[in-house]
There are 2 protein chains.
Amino acid sequence: MGYQDEVFRKREQTLLATALKLFQKHGWEQVTVAQVADAAGIGKGTVYKHFATKDEIYARLALDFSQRCLEAYRRQGIGDQALASMRAVIRLSFDLMHQHPTEVQLSLHCERPEFQERLGPRFQSRFAELEVGYTRLFNELLEAAVARGEIPQVPIESVFWGIEAGFHGVMARVAAGGFGHWSTTPDMARYFDHVADFMIAGLLGASAIGATLERQGPNTEGEST
Amino acid sequence: MGYQDEVFRKREQTLLATALKLFQKHGWEQVTVAQVADAAGIGKGTVYKHFATKDEIYARLALDFSQRCLEAYRRQGIGDQALASMRAVIRLSFDLMHQHPTEVQLSLHCERPEFQERLGPRFQSRFAELEVGYTRLFNELLEAAVARGEIPQVPIESVFWGIEAGFHGVMARVAAGGFGHWSTTPDMARYFDHVADFMIAGLLGASAIGATLERQGPNTEGEST
DNA sequence: TGCCAACAATGACCAACAGTCATAATATGA
DNA sequence: TCATATTATGACTGTTGGTCATTGTTGGCA
């Protein structure tokens, strides 16, 4: 049983790698299951022994990528300058996205709620877990920044959503393959630096606002117009 | 010829409205062309007299929505406090997204480059034009802020991409239908306020950074760590 | 080694759907 | 009223995701 199982596992990896290669070459939407099976040297029916639907292949690739990224961010660690560490993590994530545009496209595709609904709870919870992992990482970085006195104590929501939005924006841009038809076409490195700066600036500014409101009392309807 | 033409035009609007209604009810991916035709009370073949592909229906809905939004932002105008006006436009856009999640989903779908490639140049240029319209609007708001002394003169790229990323993030969140499985579940209005604050804070902070670098000389490799 | 049972791989097959086109219905105009 | 041009239609086609009865393979046992 052990050996067969090993073979089975190996083939799953081969399948994923083959699928990814084809997706990169021809666009993930155009590639058919039959093509993947063919390229992997197995029958089409066998693919469905590993993945219940084509969508599961997408989901696996997206999840594995996201998982590897999270691990890479964790390896980076938190230095004695917390905001600098946060910027470094942000910048690293941009670079990883840039190196793996197909995976980013798949991630965006898989994040859609109808998609996850179709996948079933097994995968939904894996996506949810990863999201928790990312939120936790951000929280740790934020708390480190507070502990080191780089930003004031502030409720996490007042900065988290802005950061999250920034990530999504860059994902969308990377998935779109850069700047295409744009008039002002910065190279990606410059673009990444601008957005990273923007996100850190937003974090600093928003946390200052948050702290002010907090001091005035949490229930203030903060319409600063 | 005039009368028939009128009928034809009317039916196109009916088709789009019917399609949108079905998309809202059953999810745009699940709805078939036959269903749309049926609900509109015409034959399936007739749909293809109006739209060359199903994707063109998506594109039309996305384009029309985006166009209407841009007009709404323009109507808002620029008051004597430019940053407040910008925040108002941002906030308005969030509200419009919130009211029209299906259109937001379609917009995200249609922005993907493979999608636009398949559509052909006719539609590609319409999307590109809209993008120019948005960039121009942002530029005007930014210049007004500079003219009123609210922020220093700064190259547009150093702030534009951050803002753009923020918009995308909110679009993704709205398309995902809010916060679903989250532990901390703010209501949408609070969420929108946070992100809007974050974006304005980022704008202020990043333009300050940009101005500093500018003063030091534009070619500085600005590695502030 | 030869045989059998359990298991795995396969590709012909099915259903669903986007898109086509020959034909039917309708409008136009003399 | 009839002939002709125009428009609407849904049966049809090709493609693809997914299924399953059949075929092939493996491993244990006599």
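None of the values given here were measured: they were computed from a predicted structure. By convention in this document, chain letters (A, B, ...) are assigned in the order of the sequence lines, proteins followed by strands, and residues within each chain are numbered from 1.
Computed from coordinates, the B:F51 CZ to C:dT20 C1' distance equals 18 Å when rounded to whole Å. What separates CD1 of B:I42 from C1' of D:dG10 is a distance of 13 Å, to the nearest Å. As a whole-Å value, the separation of B:Q30 CD from C:dA16 P is 13 Å. Rounded to whole Å, atom P of C:dC7 lies 14 Å from atom CZ of A:F8. Look at NZ on B:K49: it is 10 Å from P on D:dT9, rounded to the nearest Å. The distance between atom CZ of A:R9 and atom C1' of C:dA8, rounded to the nearest whole Å, is 16 Å. Per the geometry, CG belonging to A:D38 stands 11 Å off C1' belonging to C:dG11, to the nearest Å. Rounding to whole angstrom units, CH2 of residue A:W28 and P of D:dT16 are separated by 15 Å.
For the residue pair B:E111 / B:H168, a side-chain donor-acceptor distance below 3.5 Å is found, with atom types taken as modelled. In this structure, a donor-acceptor pair under 3.5 Å is present between the side chains of A:H50 and A:E12.
Looking at heavy-atom distances under 4.0 Å, B:T32 makes contact with sugar-phosphate atoms alone, never a base.
Closest to the side chain of B:Y48, from the set D:dA8, D:dG18, C:dT20, is C:dT20. The listed nucleotides are D:dG18, D:dT9, C:dA18; the one nearest the side chain of A:K54 is D:dG18. The listed nucleotides are C:dG19, D:dG18, C:dT10; the one nearest the side chain of A:K44 is D:dG18.
Between A:E29 and B:V47, it is B:V47 whose nearest contact on DNA chain D lies nearer the 5' terminus.
Under 4.0 Å is where a charged nitrogen must lie from a carboxylate oxygen, and between A:D64 and A:R68 no such pair does.
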Practice prompt. Show the numbers, then the answer: is there a ring-ring contact (aromatic ring centres under 6.0 Å, His included) between B:F23 and B:Y58?
Written response: CA-CA 10 Å; B:F23 292 170; B:Y58 296 149; 5.6 Å; yes

